[in-house]
Amino acid sequence: MDQTPVRPDGMAIQPRDVGQILTDAFEVYRRNWQTLVSVAAVVILPLALISYFVQHALRHTTVVTGAGNTVVISAPAFWRSVGASLVFAFLTFFAWSVLAGAITRAVASEAAGLETDVAASYRFGLARIWPILLVGLLVGLSIACGFVLFVIPGIFLLTRLAVAIPVLVVEDRRGTEAMKRSWNLVTGRSWPVLGTLVLAWLLVGVVNSLLTLPFSGTWFLQGIMSAIASVITLPFSVLVSVILYMDLRARRENLTTATLQRDLQASAA
C-alpha cells in the first residue's frame, strides 16, 4: 500500500479512489493468497461439509416401520429449500464473522507496519467472534428492515454501515458504537463507498459463477464448488472493506501508521 512520510509520528496512509481501493485489495490478495485461502479453508470447508449433510438430511427422511422395513420419504420441496437456505445462511454468516476478524486484523497490522502474525490474527478473530456476530446481526437486521421499506433505505443503510466490522476490530468499538462510527466515517462519501461495494460484489459474483455454473447439474459437486468459491472470494470481500475503512479514516482524520498501531495495540489488550 502506498504510504508517504509527512509527520514525525508515522507515515500518512493516502486516500484512494474506487479503482485504487480495488487494486490494493487485489495486490494484498496476490501477495498473501496462500495464507488467505488457507485461513478461509480452515473455516469454510468443514462448515460446508456440515451444511451438505444437514441439507441431505432435510431432503429425505428415513423411517423404520414396525416390520423392520426402511422407508425413505422425500421432504416437501418448499420446506427442503427453506431449511437448506437457513443452514447455508447461518454457516456462511459464522464463517464470514471469523474471517472478518482475522483478515481485518492481519491487513490492518500490515498497513500499520507491524509484523503480521496470521495465527495471532486468527486467534483474535475467534476471540472476538461474539462481538462480531452481534454487530453483524445488528447491521443485517437494520439493512433488512431498510429493504422492507421500499429498498432505497436498505441500500442507504448498507452503505453507511459498510465498515462497522473493521471499526470493531481495529478500534474495539462494539455493538451500536461500531455502527455509529461507521455511519460517521461514511457520511459525505456514500456514493464512492456504494460504488466500491457494488464493483467488488460484481467481481465476486463473476468468479463464483465461473466456478459453480459448470456443475449446476450435480447437486453435490455444486455444493463443493460453492464452498471452494467462497474460500477464494470471501477474503477479497473482507479486504475491500478493510481498505475502504482505512481510506475513510485517511480522508477524515489524516490517518497515520502510528495512529493505526496505537489503535491495534489498544484493541488487543
Side-chain angles (χ1 to χ4, degrees), residues 15-26 29 40 85-86 88-104 107-108 125 128-171 173-209 226 229-230 233-252:
R16 300 161 172 82
D17 59 27
V18 173
Q20 289 172 324
I21 290 173
L22 295 175
T23 299
D24 279 354
F26 274 120
Y29 193 105
S85 297
L86 289 174
F88 179 76
F90 173 78
L91 294 179
T92 300
F93 182 43
F94 183 87
W96 178 85
S97 298
V98 175
L99 291 175
I103 295 174
T104 299
V107 174
R128 296 296 192 280
I129 183 62
W130 297 117
I132 293 173
L133 282 172
L134 176 60
V135 170
L137 181 61
L138 290 174
V139 170
L141 289 174
S142 299
I143 293 170
C145 291
F147 275 106
V148 170
L149 299 173
F150 308 110
V151 179
I152 298 300
I155 296 175
F156 177 75
L157 289 170
L158 184 151
T159 303
R160 287 298 181 93
L161 302 177
V163 296
I165 297 299
V167 166
L168 186 157
V169 172
V170 176
E171 303 178 45
R173 302 196 189 202
R174 305 190 181 193
T176 56
E177 285 299 314
M179 297 168 68
K180 291 177 183 176
R181 172 68 165 157
S182 175
W183 186 285
N184 292 333
L185 286 173
V186 175
T187 298
R189 295 286 301 169
S190 294
W191 285 113
V193 169
L194 179 60
T196 302
L197 295 176
V198 169
L199 288 175
W201 293 332
L202 288 174
L203 289 170
V204 167
V206 168
V207 173
N208 281 331
S209 297
S226 293
S230 295
T233 58
L234 196 55
F236 177 76
S237 299
V238 177
L239 285 173
V240 171
S241 69
V242 179
I243 296 172
L244 186 57
Y245 160 75
M246 290 190 294
D247 172 72
L248 293 169
R249 288 193 66 184
R251 293 176 182 278
R252 191 170 291 275

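All values below were derived from every heavy atom in this structure, side-chain atoms included, with hydrogens, water molecules and symmetry-related copies excluded.
- A donor-acceptor contact shorter than 3.5 Å is absent between the side chain of Ser182 and the backbone of Ala178.
- When side chains are defined from C-beta on, Leu134 does not count as touching Arg174, because their heavy atoms never get closer than 4.5 Å.
- Contact check for Arg249 versus Val170: side-chain heavy atoms found under the 4.5 Å cut-off.
- Here the shortest heavy-atom pairing between Val18 and Pro192 reads CG2-O, 3.7 Å.
- Between Asn208 atom CG and Ser230 atom OG the span is 6.0 Å, to the nearest 0.5 Å.
- Side chains of Tyr245 and Val107 form no contact here, defined as non-hydrogen atoms less than 4.5 Å apart.
- In this structure, Asn184 contributes its side chain and Lys180 its backbone to a donor-acceptor pair below 3.5 Å.
- With a 4.5 Å cut-off on side-chain heavy atoms, Val167 and Val135 do not count as touching.
- Residue Thr233 holds its OG1 atom at 7.5 Å from OH of Tyr29, rounded to the nearest 0.5 Å.
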What donor-acceptor contacts under 3.5 angstrom involve side-chain atoms of residues 153-161, with partners at least two apart or in another chain?
unit_1	atom_1	unit_2	atom_2	d
Thr159	OG1	Ile155	O	2.9
Arg160	NE	Ser190	OG	3.0
Arg160	NH1	Thr187	OG1	3.3

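- Remark: Ile165 CD1 to Leu133 CG distance equals 8.5 Å, nearest 0.5 Å.
- Within the 3.5 Å criterion, the main-chain N or O of Arg16 finds a donor-acceptor partner in the side chain of Arg251.
- One distance of note links CG of Leu203 with CG of Leu22; it measures 6.5 Å at 0.5 Å rounding.
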inquiry  = Run Leu248 and Val193 through side-chain contact (heavy atoms from CB on, under 4.5 Å) and show every step you take.
reply    = CA-CA 9 Å; Leu248 293 169; Val193 169; 4.1 Å; yes
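- Leu168 has its side chain out of reach of Thr104: every pair of non-hydrogen atoms, C-beta onward, lies at least 4.5 Å apart.
- Of the inter-residue distances, the one linking Asp247 atom CG with Thr196 atom OG1 reads 7.5 Å to the nearest 0.5 angstrom.
- Nearest heavy-atom pair across Val240 and Ile21 is O-CG2, 4.3 Å.
- In this structure, Ser241 and Val163 approach most closely via the heavy-atom pair O-CG1, 3.9 Å.
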